Number of protein chains: 2
Amino acid sequence: MSKCEQCIVREFSSLKALNKDELIQLSDCKTSYTIKKGETIFEEGENVNGIYCIKDGICKLTKLSPNGKDQIIKLVKKGELLGQRSMISEEPVNLSAVALEDMQVCFIPKSDIMGYFDKNNQFSMNVMRTICSDLKDSDDHMVSLAQKTVKERLAETLLYLEETFGKSSDGSLNVQLSREELSGMIGTATESCIRLLSDFKKLGLIELNGKKIVLKDSSKLKRISE
Amino acid sequence: MSKCEQCIVREFSSLKALNKDELIQLSDCKTSYTIKKGETIFEEGENVNGIYCIKDGICKLTKLSPNGKDQIIKLVKKGELLGQRSMISEEPVNLSAVALEDMQVCFIPKSDIMGYFDKNNQFSMNVMRTICSDLKDSDDHMVSLAQKTVKERLAETLLYLEETFGKSSDGSLNVQLSREELSGMIGTATESCIRLLSDFKKLGLIELNGKKIVLKDSSKLKRISE
DNA sequence: AGAAAAGGATGACATTTATCATATTAATGT
DNA sequence: ACATTAATATGATAAATGTCATCCTTTTCT
């Protein structure tokens with residue numbers, strides 16, 4: 001069993017407020033899982049009863065629309081926590097979490113984490129600030145979806161992906177999404193997304209190589225995204 | 001100066017966790033304002049440095065899109081608080097608040113409310129739960145904007161307005177929005193919104209009388225909204 | 001009251017986006 | 001390795017939505 005106090009990713013989340021003793025305690029109650037690409041961590045409507053700490057990998061948070069399509073609400077990466085909102089609201093999770101690549105996650109039962117919520121003020125403030133930040137992002141995203149064209153949203157999303165996940169050695173985005181998933185992020189039909197990617201490629205803004213996408217002209221993409 | 005401990009609307013917000021002494025203290029530091037319809041309470045980017053408690057009236061929270069249109073993120077009514085997210089994040093507000101009708105609001109400086117945040121656990125939990133609920137609503141709204149047609153969103157919004165604000169004695173929605181504002185809620189061009197309202201009227205789903213809207217067939221609207 | 005401005009409604013048309021069909025390419029299972 | 005399936009790509013077309021122009025109605029101002 002790996003030890004929380006030696007785990008680097010805790011520094012990136014609200015857990016950084018916990019002291020050494022608290023982290024040692026945490027190590028005893030957590031469960032580690034390996035999640036394969038495509039597997040579900042939890043599903044919309046489930047009672048999760050705890051939080052997941054992402055040690056490695058990226059997952060998507062999706063919500064099923066009545067039309068049968070999955071809307072991607074957020075991508076979550078190494079160092080972030082899942083299930084905080086649900087834990088505080090004492091409600092089932094409202095989103096599904098599905099791995100986009102192989103993941104390492106640790107599950108901490110609600111009973112074990114809620115104690116720090118009362119005792120460790122800094123920790124609860126961190127959680128609150130994270131949720132506030134999510135809310136702000138959500139507001140911004142809403143304006144995009146409501147007011148921007150699909151083309152603008154695609155450009156915006158590509159820039160967001162590069163900014164958030166960086167690029168790998170070959171220059172391509174460090175997160176691989178299927179065309180369908182990318183469509184699920186920008187809220188459009190898969191074919192429309194593919195078509196616009198082709199357009200961007202013809203305009204020399206990006207390069208496509210299977211799932212790999214390289215941004216060639218970020219400043220022009222930036223201009224399109226507004 | 002009116003007294004918080006005698007104010008009924010506190011029961012509807014996170015403030016219900018405060019005890020009598022705390023409320024009496026609050027009365028001394030709050031400032032009451034009358035806001036006329038159309039006036040701005042605060043603007044996107046401002047440092048608000050406190051929260052507003054809405055004693056009476058309704059306001060819209062909007063965010064300006066790069067295309068120049070105002071997207072309405074949320075409507076807020078009597079009993080609710082404004083500026084909580086900004087206060088916790090210690091950031092400028094990300095939304096503007098504009099009165100949709102004459103309002104009574106009380107402003108409580110951050111310095112006076114933050115104390116309860118540490119001392120009164122129930123109060124801070126209430127605030128958190130409110131923000132969590134906003135986040136959940138925001139996620140739902142996002143899926144609507146991304147995946148539903150304008151017609152579906154209009155039907156959904158009309159039902160939401162009736163559910164949230166009720167109807168007045170003549171059966172019309174108890175909140176009056178201009179066509180432009182309604183468009184700003186559903187994320188569409190004003191003309192498109194007007195056209196669809198006319199369609200709904202021709203189908204006998206609603207009645208229009210100036211700004212007044214009466215829902216005549218909620219179950220059919222419900223069916224359209226999915 | 002009357003003028004001016006704002007808001008609402010509607011037609012004509014352009015543009016964007018979705019849908020359906022089908023081809024091509026890549027991934028997967030046995 | 002080959003068949004099967006899934007993912008990507010593209011064309012043709014329909015449907016949804018936005019834009020511009022114009023007219024009508026209501027509100028506001030003096």
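Convention: sequence-line order gives letters A, B, ...; per-chain numbering from 1. As the structure is a computational prediction, the values presented were derived from the model and not from experiment.
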Peer 1: Where do A/Gln147 and A/Glu152 come nearest, in terms of heavy atoms and distance?
Peer 2: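 Smallest heavy-atom distance, with atoms named: O-OE1, 4.5 Å.
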Peer 1: Could you tell me how far apart B/Lys212 (NZ) and D/dT26 (C1') are, to the nearest whole angstrom?
Peer 2: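 Going from NZ in B/Lys212 over to C1' in D/dT26 covers 14 Å.
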Peer 1: Less than 4.0 angstrom between a side-chain N/O of B/Thr188 and OP1 or OP2 of D/dG18, yes or no?
Peer 2: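 Yes, B/Thr188 has a side-chain N/O under 4.0 Å of OP1/OP2 on D/dG18.
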Peer 1: Base, sugar-phosphate, or nothing: which does B/Ser192 touch, judged by heavy atoms less than 4.0 Å apart?
Peer 2: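 If one applies the 4.0 Å heavy-atom cut-off, B/Ser192 turns out to touch a base.
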Peer 1: Mind calculating the distance between CD1 (A/Ile186) and C1' (C/dT16) to the nearest angstrom?
Peer 2: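 About 13 Å, once rounded to whole Å.
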Peer 1: Whole angstroms only, please: what is the CG-P distance between A/Leu177 and D/dA7?
Peer 2: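 For the pair A/Leu177 CG and D/dA7 P, the rounded distance is 14 Å.
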Peer 1: Just how far, in rounded Å, is P of D/dT28 from NZ of B/Lys37?
Peer 2: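 These atoms are roughly 8 Å apart.
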Peer 1: Please tell me which of A/Lys151 and B/Arg195 maps to the more 5' nucleotide of DNA chain C, matching each residue to the nucleotide holding its nearest heavy atom.
Peer 2: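 Between the two, 5'-proximity favours B/Arg195.
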Peer 1: Could you check A/Ala146 against A/Glu191 and say which one's nearest nucleotide on DNA chain D is further toward the 5' end?
Peer 2: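 Mapping each residue to its closest nucleotide by heavy atoms, the 5'-most match is A/Glu191.
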Peer 1: What's the closest nucleotide to the side chain of A/Thr149 if the choices are C/dA9, C/dT16, D/dG18?
Peer 2: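 So the nucleotide nearest the side chain must be C/dT16.
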Peer 1: Round to the nearest Å and state the distance from B/Ile194 atom CD1 to C/dG7 atom P.
Peer 2: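 Distance, rounded to whole Å: 11 Å.
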Peer 1: Give the rounded distance in Å between these two atoms: CG of B/Leu197 and C1' of C/dA9.
Peer 2: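 Distance, rounded to whole Å: 11 Å.
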Peer 1: If I take atom NZ in residue A/Lys148 and atom C1' in nucleotide D/dT17, what distance separates them, rounded to the nearest angstrom?
Peer 2: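 Taking atom C1' of D/dT17 as the reference, NZ of A/Lys148 is at 19 Å.
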Peer 1: OP1 or OP2 of D/dT8 sitting under 4.0 Å from any side-chain N/O of A/Lys211?
Peer 2: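 For D/dT8, OP1/OP2 do have a side-chain N/O of A/Lys211 under 4.0 Å.
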Peer 1: Measuring from atom CD1 of B/Ile186 to atom SG of B/Cys193, what distance do you get when rounded to the nearest 0.5 angstrom?
Peer 2: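 Rounded to the nearest 0.5 Å, the CD1-SG separation comes out at 4.5 Å.
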Peer 1: Rounded to whole angstrom units, what separation is found between the CG atom of B/Leu208 and the P atom of D/dC24?
Peer 2: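 Between P of D/dC24 and CG of B/Leu208: 20 Å.
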Peer 1: So B/Ser198, base contact, sugar-phosphate only, or nothing? Heavy-atom distance under 4.0 Å.
Peer 2: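 Here B/Ser198 touches the backbone only, sparing every base.
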Peer 1: Quick one: CD1 on A/Ile113 to SG on A/Cys29, what's the gap to the nearest 0.5 Å?
Peer 2: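 SG of A/Cys29 is found 7.5 Å from CD1 of A/Ile113.
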Peer 1: Less than 4.0 Å between a side-chain N and a carboxylate O, is that true for B/Lys216 and B/Glu207?
Peer 2: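 Judged by the 4.0 Å cut-off on N to carboxylate O distance, B/Glu207 and B/Lys216 do form a salt bridge.
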Peer 1: Short question: side chain of B/Ser138, backbone of B/Leu135 - any donor-acceptor pair under 3.5 Å?
Peer 2: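 Side chain of B/Ser138 to backbone of B/Leu135, a donor-acceptor pair under 3.5 Å: no, none is there.
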